[in-house]
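Each remark here refers to the structure printed beneath this line.
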Amino acid sequence: MTTLTELKNELKAFGKQRYGYMKQYIELAEDLGQKLKQGVMYQSEVEARLHDFKQSVETQSRQKADELYDKIEQTYEAELVKLQDTVQGVTADDVAELTLLATTEVSKDELEEYFIKYQNKPLAIKKLKEIAKQNPELMVDVDQFDKEQALYNLRQFFKQQLSSFMGYYTVTDDKIRLVQADMIINGDVTALDDYLARYLANQMKGV
């Protein structure tokens, strides 16, 4: 089974590949354009070469994107099973502590410590979310402490990045779009590193 890190690396490689296709198409179009001016090739030949290149890389990209989409779903399901295997029920003492906490003034740090303490107890997390909602001024990022929700958010982020790679990094002769892509590609692939690193760090809290 693919790990989250392996999946992330495959997504990064796909993004870079899509960007590479953009550059290759522009370079090919310029080279063929020169040959057309020199009379070495006919317009129909140039158009056919460009069409074949674009069709080939887009077909490959769609196949790879479908493969990655399936891997995202499979990896998510496998990770979800792992999380569910760690689930614990709440005890009477837990209920008493959480009930008292709901009526007590609490700081952000204290509330976050409770989230970490009860990280493997979904019912307790649900109660802590209610307490956090009653204290919006604390601005606690509750999703990071809800392991299943955090995993779901990671899955959605991976799917969003995959969609972006397919939708934005398109094979075109638009040089302005290529310049824009050149400016953002590193940020897009780095975002995958950063998001997964935060997710894994939060999963380790309290372990």
Side-chain angles (χ1 to χ4, degrees), residues 1-36 41 43-83 141-144 146-203:
M1 180 59 65
T2 304
T3 67
L4 289 171
T5 298
E6 290 170 341
L7 177 58
K8 179 259 297 183
N9 288 337
E10 286 195 51
L11 287 166
K12 287 174 59 181
F14 180 69
K16 291 177 180 179
Q17 183 182 61
R18 289 287 289 171
Y19 169 68
Y21 287 154
M22 293 179 73
K23 289 186 67 176
Q24 291 172 38
Y25 185 82
I26 292 289
E27 291 168 356
L28 178 61
E30 291 177 344
D31 179 57
L32 295 178
Q34 287 297 318
K35 291 180 179 178
L36 179 62
M41 296 182 71
Q43 181 68 37
S44 59
E45 292 178 304
V46 170
E47 291 176 355
R49 285 279 303 278
L50 291 173
H51 175 269
D52 288 348
F53 177 85
K54 182 172 183 176
Q55 187 174 52
S56 175
V57 299
E58 288 297 345
T59 297
Q60 292 176 44
S61 289
R62 282 193 296 272
Q63 292 173 343
K64 184 60 178 179
D66 288 343
E67 176 189 323
L68 286 171
Y69 182 86
D70 289 342
K71 280 190 176 183
I72 290 172
E73 293 299 307
Q74 293 165 7
T75 305
Y76 167 74
E77 292 297 334
E79 292 294 324
L80 185 59
V81 169
K82 290 181 185 178
L83 288 183
D141 180 9
V142 298
D143 282 353
Q144 68 171 311
D146 184 332
K147 290 191 173 184
E148 289 192 17
Q149 182 64 49
L151 177 62
Y152 175 82
N153 291 346
L154 177 65
R155 168 206 184 199
Q156 295 304 102
F157 180 73
F158 279 173
K159 289 166 65 175
Q160 175 188 329
Q161 289 299 95
L162 177 57
S163 177
S164 176
F165 290 146
M166 278 299 293
Y168 186 79
Y169 296 89
T170 55
V171 176
T172 173
D173 58 1
D174 186 343
K175 293 183 179 179
I176 294 178
R177 192 175 184 86
L178 178 63
V179 171
Q180 292 172 335
D182 184 62
M183 293 172 63
I184 66 175
I185 181 61
N186 288 332
D188 279 351
V189 295
T190 299
L192 287 162
D193 285 327
D194 293 343
Y195 200 109
L196 181 59
R198 288 195 301 271
Y199 170 81
L200 294 176
N202 285 332
Q203 294 303 294

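Everything numeric here is computed off the predicted structure, so don't read it as measured data.
- No side-chain N or O of Q144 forms a donor-acceptor pair with one of Y199 less than 3.5 Å apart.
- Y19 is not listed as a side-chain neighbour of D188, based on a closest heavy-atom distance of 4.5 Å or more.
- Of the N and O atoms on the side chains of S56 and Q60, at least one donor lies less than 3.5 Å from an acceptor on the other residue.
- Of the N and O atoms on the side chains of N153 and Q149, at least one donor lies less than 3.5 Å from an acceptor on the other residue.
- Looking at every heavy atom in both residues, D143 comes nearest to A150 through O-CB, 3.6 Å.
- Nearest heavy atom pair, residue G167 against residue R177, reads O-NH2, 3.7 Å.
- Using modelled atom types, one finds no donor on one side chain facing an acceptor on the other under 3.5 Å when comparing Q63 with E67.
- Annotation: the span from M22 atom CE to I185 atom CD1 amounts to 9.0 Å, rounded to 0.5 Å.
- Between M1 and Q74, the shortest heavy-atom contact is SD-O, 4.1 Å.
- The number of heavy-atom neighbours closer than 6.0 Å to NZ of K16, taken from other residues, nucleotides and ligands shown, is 12 or below.
- One distance of note links CG of N202 with CZ of R198; it measures 9.0 Å at 0.5 Å rounding.
- Checked by atom type and distance alone, the side chain of D182 never pairs as donor or acceptor with a backbone atom of L178 at under 3.5 Å.
- Just one of R49, H51, Q43 meets the side chain to side chain donor-acceptor pair (under 3.5 Å) condition when paired with E47; it is Q43.
- Without hydrogens or angle criteria, R155 side chain to E77 main chain gives no donor-acceptor distance under 3.5 Å.
- Between L28 and L32, some side-chain heavy-atom pair lies under the 4.5 Å cut-off.
- Side-chain contact between L192 and F157: present, with at least one pair of heavy atoms (C-beta onward) separated by less than 4.5 Å.
- Contact annotation: the side chain of F53 approaches that of Y25 to within less than 4.5 Å [non-hydrogen atoms, C-beta and beyond].
- Salt bridge present: R18 and E58 bring a charged side-chain N and a carboxylate O closer than 4.0 Å.
- Separation of atoms OH (Y76) and OH (Y152) is listed at 7.5 Å; rounding is to 0.5 Å.
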*Decide yes or no on salt bridge (Lys or Arg N to Asp or Glu O under 4.0 Å) for K71 and E6, but give the supporting numbers first.*
CA-CA 10 Å; K71 280 190 176 183; E6 290 170 341; over 6 Å; no
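- Taking CG of L154 as the reference point, atom CD of Q203 lies at 9.0 Å (rounded to 0.5 Å).
- Residues Y21 and T170 fail the side-chain proximity criterion, which asks for heavy atoms closer than 4.5 Å.
- Of all heavy-atom pairs between D174 and I176, the closest is OD1-N, 3.0 Å.
- Side-chain N or O atoms of S164 include none that pairs as donor or acceptor with a backbone N or O of Q160 at under 3.5 Å.
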*Do K12 and D193 pass the salt bridge (Lys or Arg N to Asp or Glu O under 4.0 Å) test, and can you show the C-alpha distance, the side-chain angles, and the key distance before you say yes or no?*
CA-CA 9 Å; K12 287 174 59 181; D193 285 327; 2.9 Å; yes
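- Remark: side-chain polar atoms of S61 are paired, donor with acceptor, to backbone N or O of V57 under 3.5 angstrom.
- Taking all atoms of both residues into account, the shortest heavy-atom contact from L151 to L83 is CD2-CD1, 3.9 Å.
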*Might you work through the side chain to side chain contact (heavy atoms under 4.5 Å, CB included) test for K8 and Y195, ending with a clear yes or no?*
CA-CA 10 Å; K8 179 259 297 183; Y195 200 109; over 6 Å; no
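- Using a 4.5 Å heavy-atom cutoff, the side chains of T75 and T3 are not in contact.
- Using a 4.5 Å heavy-atom cutoff, the side chains of F14 and V189 are not in contact.
- Considering CD1 of I26 and OG1 of T172, their distance stands at 6.5 Å, rounded to 0.5 Å.
- Here E45 does not pair with K35 in a salt bridge; the nearest charged N to carboxylate O distance is not below 4.0 Å.
- The distance from the OH atom of Y169 to the CD atom of Q17 is 13.5 Å, given to the nearest 0.5 Å.
- Between K175 and E30 the shortest side-chain heavy-atom distance falls below 4.5 Å.
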